[in-house]
Amino acid sequence: MVRESIRAALVDAVRGMGVDGDMPDLELGRTKSPELGDYATSAPQKLARVLREAPDTIAARLVETITITDGAVTAEAVRGYVNFRLRDDWLRDLVSRIEPGYGAQDIGHGERLQVEFGSINPTGPLHIGHGRGVTIGDSISRLLEFTGHAVEREYYVNSDNTQTRRFGASVYARLHGQEPPEGGYLGEYVAEMAEMARRDLPEIEKEPEAEAEPKLRRYAMEKVIEQIRASVARLGVRYDNWFWEDTIWQSGLGWKAIERLREAGYIKERDGALWFGEPDEDEEDRVVIRANGQPTYFASDLGYLLSRFEERGFHRVIEVWAADHHGYVARMKAAAEALGVEPERLVIIIHQLVNLKEGRMSKRAGRFVTLDELIDRVGSDAVRYFYLLRSPDTTIETVATQQHSRLPDKADVSMLVQPWELDVARQLAFWPDVVEDATRLREPHRIPYYVHDLATAVHRFYHAGNAQSEYRVVVDDANLTRARLELCRAARHTLKTALDLMGVSAPERM
RNA sequence: GCCCCGCUAGCUCAGUGGAUAGAGCAUCUGUCUUCUAAACAGAGGGUCUGAGGUUCGAAUCCUCAGCGGGGCACCA
């Protein structure tokens, strides 16, 4: 990758100037504006103190000595910077080398990791806030797969807690035409659940609440999970595994985790309950087993950590949470560490909430816009783009999709000399950088921004023929036409790859 | 009260301590007899919330303040 070879050459050149031990962090980034070239480093300014020389002098010396192995760039000293410009013939060569999947790179070396996202309580349909986490989790998964990781996508089904019990009780109440209990669920879908249960579970109405409620709860949760599975499928999201919370207790992992923590001194008994916390510190303790003997969700999470890091042996687990859970991050990290899992192996990504203008959504109060309604209204591609951009911008989506469908298919040599043609190639050269940065920083929003840049360059190239017909893609000169088609081909592959990573489709025809 | 996240153009948001802070939308001006208008070319629009500090250099790092969102349960 170009950026890497420039960086390596830069480090060599700096070493050659006698800087060895305390080498400052040599920053290598994109230039502010195209006149300055493509990549730039402020290394001369950083080295000024160490070398006791003026930045301009250092820049000039660096340009003298630096050697880029594959000759991709030329170097120039400008006002304390060294600027690198991608050479035109290197860009032309790149265009002919681009194949489907261009930009893939091995960052993960096959690392086995799990991405857990979504994992919404199975007590109602997904709303537009959930869609964001699902989309981000899915796109991060796609990015990680693209960069050499072995990814498993998991949905953790919180099946066994106060919320789901209230949900079950609400369905029971509806079945018998009663008001939902205190803190119960009010949405219309609860009535639909009750109707379906009446049909699918014979005799359920005659059973006493103590027997009927658990059955109804399970039945309703499974129905909800079916709906969730269908909703996320519309966004092109699939899970490899749906992990039910209650299996943690059936398999004994929950108690195994608690036992291990008890031996290490992290479990204390107080007020009839079991608490987790630092051995000699009571302040931050959290309940694991309630005084009534029921485990909390936190206890399940302890067993869930063992399930993933030990039983299933994931090297790393990435979880995507909405901001309203961020207070739980520290506790989960502490729990992982206490169980003997290095905290770095548990990566938690927090995304901000999606709020309605009318105020916060509430599943319990039935005040929300469902994800399905949103998809119905604008379509899956726009929804995904919307989330990944963090702002609605359907025009860009339309631009990207449509442009791709229009690009021709044939390919051949290179006679690409116009600046707008080389600018397309230039954007293509940056693509591997974007993939790397998005992966390492876990910032999928970099992909749609890149798509926009590439689409803009392609548009400019495509529309150059608007003003002067000799700049059209298809011209009398067959060789030139083929060269321009080659550029289209490279752009199409790259655009397709980028859109795939976002989970946005790029139809061959509009 | 304590803790997290944010505050950048009218709006929604990009912006790994480096050069003149960017994009989309909105506004305004041009461009459809052509493989090309769901588009392109261009214009206007900024006290990067405020005040200090660190630095050769700060939208970016530190401190304080303000505003907004979220969190501090034997809820998840």
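Chain A is the first sequence line, chain B the second, and so forth, proteins listed ahead of strands; every chain is numbered from 1.
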Open item on the list: Of the listed nucleotides (B/C72, B/C3, B/G17), which one gets closest to any side-chain atom of A/His326?
Closed with: B/C3
Task: For A/His351, side chain to side chain contact (heavy atoms under 4.5 Å, CB included) partners two or more places apart - done: A/Arg132, A/Ile136, A/Val320, A/Ala322
May I have the list of side-chain donor-acceptor pairs in residues 417-428 of chain A shorter than 3.5 Å, sequence neighbours left out?
from     : atom 1 : to       : atom 2 : distance (Å)
A/Glu421 : OE1    : A/Val417 : N      : 3.1
A/Glu421 : OE1    : A/Gln418 : N      : 3.1
A/Glu421 : OE2    : A/Arg484 : NE     : 2.7
A/Glu421 : OE2    : A/Arg484 : NH2    : 3.1
A/Asp423 : OD1    : A/Arg426 : NE     : 3.2
A/Arg426 : NH1    : A/Asp38  : OD1    : 3.0
A/Arg426 : NH1    : A/Asp38  : OD2    : 2.7

Open item on the list: Please classify the nucleic acid contact of A/Thr162 as base, sugar-phosphate, or nothing, using heavy-atom distances under 4.0 Å.
Closed with: sugar-phosphate
Sub-3.5 Å pairs of nitrogen or oxygen atoms, protein against nucleotides 42-49 of chain B:
none

TODO: For residues 285-303 of chain A, pull every pair meeting salt bridge (Lys or Arg N to Asp or Glu O under 4.0 Å), keeping only residues two or more places apart or in separate chains.
DONE: A/Lys268-A/Asp285, A/Arg270-A/Asp285
- [ ] Tell me, please, which residues at least two apart from A/Tyr172 pass ring pair (Phe, Tyr, Trp, His ring centres under 6.0 Å).
- [x] A/His176
Task: Qualifying residues under side chain to side chain contact (heavy atoms under 4.5 Å, CB included), relative to A/Ala498, sequence neighbours excluded - done: A/Trp431, A/Ile447, A/Val451
TODO: Could you tell me which residues satisfy ring pair (Phe, Tyr, Trp, His ring centres under 6.0 Å) with A/Trp244, sequence neighbours excluded, listed by chain and number?
DONE: none
Could you list all N or O pairs between the protein and nucleotides 31-34 of chain B that sit under 3.5 Å apart?
from  : atom 1 : to       : atom 2 : distance (Å)
B/U34 : O2'    : A/Arg472 : NH2    : 3.2
B/U34 : O2     : A/Arg472 : NH2    : 2.4

TODO: Sequence neighbours left out, what passes ring pair (Phe, Tyr, Trp, His ring centres under 6.0 Å) with A/Phe430? Give chain and number order.
DONE: A/Tyr39
Open item on the list: Enumerate the salt bridge (Lys or Arg N to Asp or Glu O under 4.0 Å) contacts for residues 45-59 of chain A, please, sequence neighbours excluded, ordered by first and then second residue.
Closed with: A/Glu53-A/Arg61
Open item on the list: Among residues at least two apart in sequence or on other chains, which ones pass ring pair (Phe, Tyr, Trp, His ring centres under 6.0 Å) with A/Tyr155?
Closed with: A/Tyr239, A/Trp242
Open item on the list: Defining pairs by Watson-Crick or G-U wobble geometry with both distances under 3.5 Å, how would you list the stems of RNA chain B with at least three pairs each?
Closed with: B:1-7 with B:66-72, B:10-13 with B:22-25, B:27-31 with B:39-43, B:49-53 with B:61-65
